[in-house]
Amino acid sequence: MLSLGSGGGKTAKPSFVSYVSPEEIKKKDGNDDLKPHLLPGELVICEANTVVKYSREDSLQRGFYGKLICTNFKISFLSAEQLMDDVDQSYRNKLMGENDISLLCVDQIYGVYDDKKKPLLPGAIKNKIPEKLLLYCKDFRVFQFGLRYSKEEDARRLIRGIVHHCLNPTSLKCLFAFSYVGPAGGLKVGPGAEREPSTLMFETKVDWKVELERTGGLLSNRIISINENYRLDSRLPQFFAVPSSVTDDDIKKHKGRGIPLWCWSHASGCALLKMATLPETADDSTLQTDKGWTDRLLHVLGETHPSNHMVRTEVLSTTLPTLQEIQASYNRFKQLFLMDNAADFWESDIKWLSTIENANWLEIIRQCLKKALDIVECLEHKNTSVVLVEENCSDLCCVIASLVQVIIDPHFRTISGFQSLIQKEWVMGCHCFLDRCNHLRGNDKEAPVFLLLLECIWQLLQQYPPAFEFTETYMTILSDSMYIPIFSTFLFNSPYQKDNTQMLYEDRNILSRSLKLPTVWEWSLQFENSVQALFYNPLYIGKPKPGNVRRTQRVKPQRQMSLPSSPSYHSRPSPKKGFLREETDNLIKTFLGKKISRLTFTAEDSSIDYRLFYENWCSKPIDHHGLLLPLHNGPALRVWGQRYLRWIPEVQILGGSSTIALNKACEIADEIKKLQTKVSERMLKKQSSSPSADIFAPFQQSSRLSATFPFGTLRRQSIKPRIPVSTNLSMSFGSMENLPDDEEEVGLL
């Protein structure tokens, strides 16, 4: 890969130039015989031959001829050339190939007319066919397809089909999930059709009882079945838990609204609860009556506790951003990572820090971490129950409640525990995945709320790696799975919507069947065991024996990006104190030798109790199976590099970054495991009957790993001759004398 410097002047867009006529291409084209891999129920809608897929690895100067297909599940590019030129990958998905794009994963579609990008909307393709088709994906892949040599009618039909099926789904029954189960007679599809018993689904009273017993909340809470078969309200799960002081009549009064719902119980007896606000009313007398009724419930909740503890209500809408602000911030943030070519990347690199600050995405993450710390302090230090209040208690309530439980309870830092947490707080908590992920397009309710939780958990994972059983690869794949329209986990607004098949189908024959979609936790449906092994953290520390907690050196917060250090930068006036501005102020304090409390707390943190609580925790050795308080100020927060940068060739580090350290840890863990096996065999004086699976086997040679393994793996450059670019483009990147003479000198991914 050529080194393009750090920006420079405006560069001309590279263009693909072919020295072969379209007639010769069609004669040599062997892609007509390629057949796509279709899942049960998947149908080909339209296709076009002699399509060029441009390669970012070759700076858009090379490409592959092939066939572009649109089905009712995905967009797929098939090429005999790329199959010959490809290499083995460590990451393979059984459902989606490297050149496959789920219809739900497509974010934006553009057509290129005379080097100008124009958005393509349903019904927009009437006359002229675009020269290029650009697809921007929600997992930050960017695909560029050339249509110059395709038949005009095929290209027109293909573009219309892609635009229509990606941007214009009209109802749930249009999603592929229901075609996927259709040919199987409505039965669940997947190996064995059984989920792992370690992940609680909270679909039965038994699962709720298991969790209540585990947390010690069974004495002060009870399981409710009054909404079985959704007789009471469709916005509640069939089974849930409430404090024992709440009666069935209280629940029926407002159909579950204004009722504290149980989330988690602390060992001291206090609890974390959430509550939906009562319906708004214009009648003042009714409003006062409802308020008095809610206050009475909360008062009784405190009095019924054996220690007569306090109850604190936390209205999240007054301290956290709105969903509209979260969506707007994420829209600005993601533009940093959707690059058409290298020139766009280097141009954006100049404004990297200011763009991150203006996006405000890291600031929203900081606010969520700070709010979770406030709740943790109440539960841990003040022995106070906390009731999170939100309009429907299904958005920010889910984020904060989940984050608090991960911070306090080590069970939720395991894979099975984390999956159970998502089932309890998000799926059974009636989070509107269908609306928030915008699966049906065109709604004004889209907001990356679940992604916000993953971002917060990722920050914790980076700060305390040994405390988590799962890796960032697991979290990245989980975020990608939101846009695969097969799994019920991320497809519905509520359990009622999933279970009520009548609203999904009008065919009476289908109504008689039982609709059972697989959950995302059935990982064997997507990956082989070798890929699932990447989910497990080799640095994870198992639960230590009592009284044997090792003193661990505290890891200082590290920065992923450097800040300008010139005096003029710090002296510039700023209308508001943004994320990076606050980060700079904290660094100055650190350099002046201030205590860690000055780094962690801002002027807003006026609570002396809060400071004492945090400083007391900092003074003790870290217990990775105990309380983990996140560092939430600027210097500690980082950009989730694997998720956002994995498809950008210019930022890859060949044979470097944390991937190499993780690979080395896997080697050591694998060696330790083999030694332990040998010791056990000698002690028992017998050989093991069967070899155990190497869950921490090394990935591959370190020299062949890139910074974004397993997504960005080493690839050979195309054996095709380099296609010349314009003179201006060559001049802007430096003298032609600096170009490599052969393929081996070019940087590889």
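The structure displayed is predicted, hence computed values, not measured ones.
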So does Cys263 get a backbone contact from the side chain of Lys424, meaning a donor-acceptor N/O pair under 3.5 Å?
yes

Residues passing the side-chain contact (heavy atoms from CB on, under 4.5 Å) test with Asn529, sequence neighbours excluded, are Gln532

Keeping Gln642 on the side-chain end and Thr476 on the backbone end, is there a donor-acceptor pair under 3.5 Å?
no

Could you state the interatomic distance from CG (Leu460) to CG (Leu369), rounded to the nearest 0.5 Å?
6.5 Å

Do Ile486 and Leu517 pass the side chain to side chain contact (heavy atoms under 4.5 Å, CB included) test, and can you show the C-alpha distance, the side-chain angles, and the key distance before you say yes or no?
CA-CA 7 Å; Ile486 288 178; Leu517 297 173; over 6 Å; no

Would you confirm whether Gln526, through its side chain, and Asn93, through its main-chain N or O, come within 3.5 Å as a donor-acceptor pair?
no

Distance in Å, Asp139 CG paired with Cys137 SG, rounded so as to fall on 0.5 Å steps:
5.5 Å

Hey, could you give me the CD1/CZ distance between Ile477 and Phe527, rounded to the nearest 0.5 Å?
4.0 Å

For side chain to side chain contact (heavy atoms under 4.5 Å, CB included), just list the numbers for Leu454 and Trp458, CA-CA rounded to whole Å, side-chain angles, deciding distance to a tenth of an Å, and then say yes or no.
CA-CA 6 Å; Leu454 297 183; Trp458 184 86; over 6 Å; no

Do Phe202 and Val427 pass the side chain to side chain contact (heavy atoms under 4.5 Å, CB included) test, and can you show the C-alpha distance, the side-chain angles, and the key distance before you say yes or no?
CA-CA 9 Å; Phe202 293 93; Val427 179; over 6 Å; no

Is the backbone N or O of Tyr483 less than 3.5 Å from a side-chain atom of Ser102, with the two atoms forming a donor-acceptor pair by type?
yes

Tyr536-Tyr474 aromatic ring centre distance below 6.0 Å:
no

Residues Asp623 and Leu628: closest non-hydrogen pair is O-CD2, 4.0 Å

Output all residues satisfying side chain to side chain donor-acceptor pair (under 3.5 Å) with Glu425, sequence neighbours left out; order by chain, then residue number.
Lys274, Gln405

Look at the side chain of Arg413 and the backbone N and O of Val406, then say whether any donor-acceptor pair between them is shorter than 3.5 Å.
yes

Does Ser479 have any side chain to side chain donor-acceptor pair (under 3.5 Å) partners at least two apart in sequence or in another chain, and if so, which?
Arg643

Over 60° means perpendicular and under 30° means parallel, so classify the ring planes of Trp617 and Tyr614, tilted if in between.
tilted

Closest non-hydrogen atom pair between Leu453 and Leu403, with its separation
CD1-N, 4.1 Å

Would Phe140 and Tyr136 count as a close aromatic pair, with their ring centres under 6.0 Å?
no

Assert yes or no for the condition that the ring centre distance of Phe450 to Phe433 is strictly below 6.0 Å.
yes

Would one find more than 12 heavy atoms of other residues, nucleotides or ligands at under 6.0 Å from atom CD of Glu528?
no

Considering residues at least two apart in sequence or located in another chain, which fulfil the side-chain contact (heavy atoms from CB on, under 4.5 Å) criterion with Leu373?
Tyr610, Leu629, Pro630, His632

Spell out, as yes or no, whether a donor-acceptor pair under 3.5 Å connects the side chain of Thr519 to the backbone of Thr489.
no

Apply ring pair (Phe, Tyr, Trp, His ring centres under 6.0 Å) to Phe176 and list each qualifying residue two or more places apart in sequence or on a separate chain.
Phe73, Tyr180

Between Phe337 and Val639, does the side chain to side chain contact (heavy atoms under 4.5 Å, CB included) criterion hold? Intermediate values first, please.
CA-CA 11 Å; Phe337 313 104; Val639 174; 4.1 Å; yes

Between the CD1 atom in Ile365 and the CZ atom in Arg638, the distance rounded to the nearest 0.5 Å is 12.5 Å

Give a yes or no on whether the ring-centroid distance for Phe535 and Trp523 is below 6.0 angstrom.
yes

Side chain to side chain donor-acceptor pair (under 3.5 Å) with Asp409: which residues, sequence neighbours excluded?
Arg214, Trp264

Report yes or no: do Ser265 and Trp262 form a side-chain donor-acceptor pair below 3.5 Å?
yes

Going by atom types alone, do Trp640 and Glu455 pair a side-chain donor with an acceptor below 3.5 Å?
no

Answer yes or no: is there a donor N or O on one side and an acceptor on the other, between the side chain of Ser329 and the main chain of Ala359, under 3.5 Å?
yes

Working to the nearest 0.5 angstrom, can you tell me the gap between Ile407 CD1 and Ile457 CD1?
7.5 Å

One should read off an interatomic distance between Glu203 CD and Gln423 CD, to the nearest 0.5 angstrom, of 6.5 Å

Taking NZ, NE, NH1 and NH2 as the nitrogens, is one of them in Glu671 or Lys674 under 4.0 Å from a carboxylate oxygen of the other?
no

Using modelled atom types and a 3.5 Å cut-off, is there a donor and acceptor pairing between side-chain atoms of Asn537 and backbone atoms of Pro465?
yes

Verify, without hydrogens or angle tests, whether Lys94 (side chain) and Ser524 (backbone) share a donor-acceptor contact under 3.5 angstrom.
yes

Determine the sole option in Lys334, Lys138, Arg141 for which the side-chain hydrogen bond (donor to acceptor under 3.5 Å, both in side chains) test with Asp107 is passed.
Lys334

For Phe490, does its backbone N or O pair with a side-chain atom of His439 as donor and acceptor, under 3.5 Å?
yes

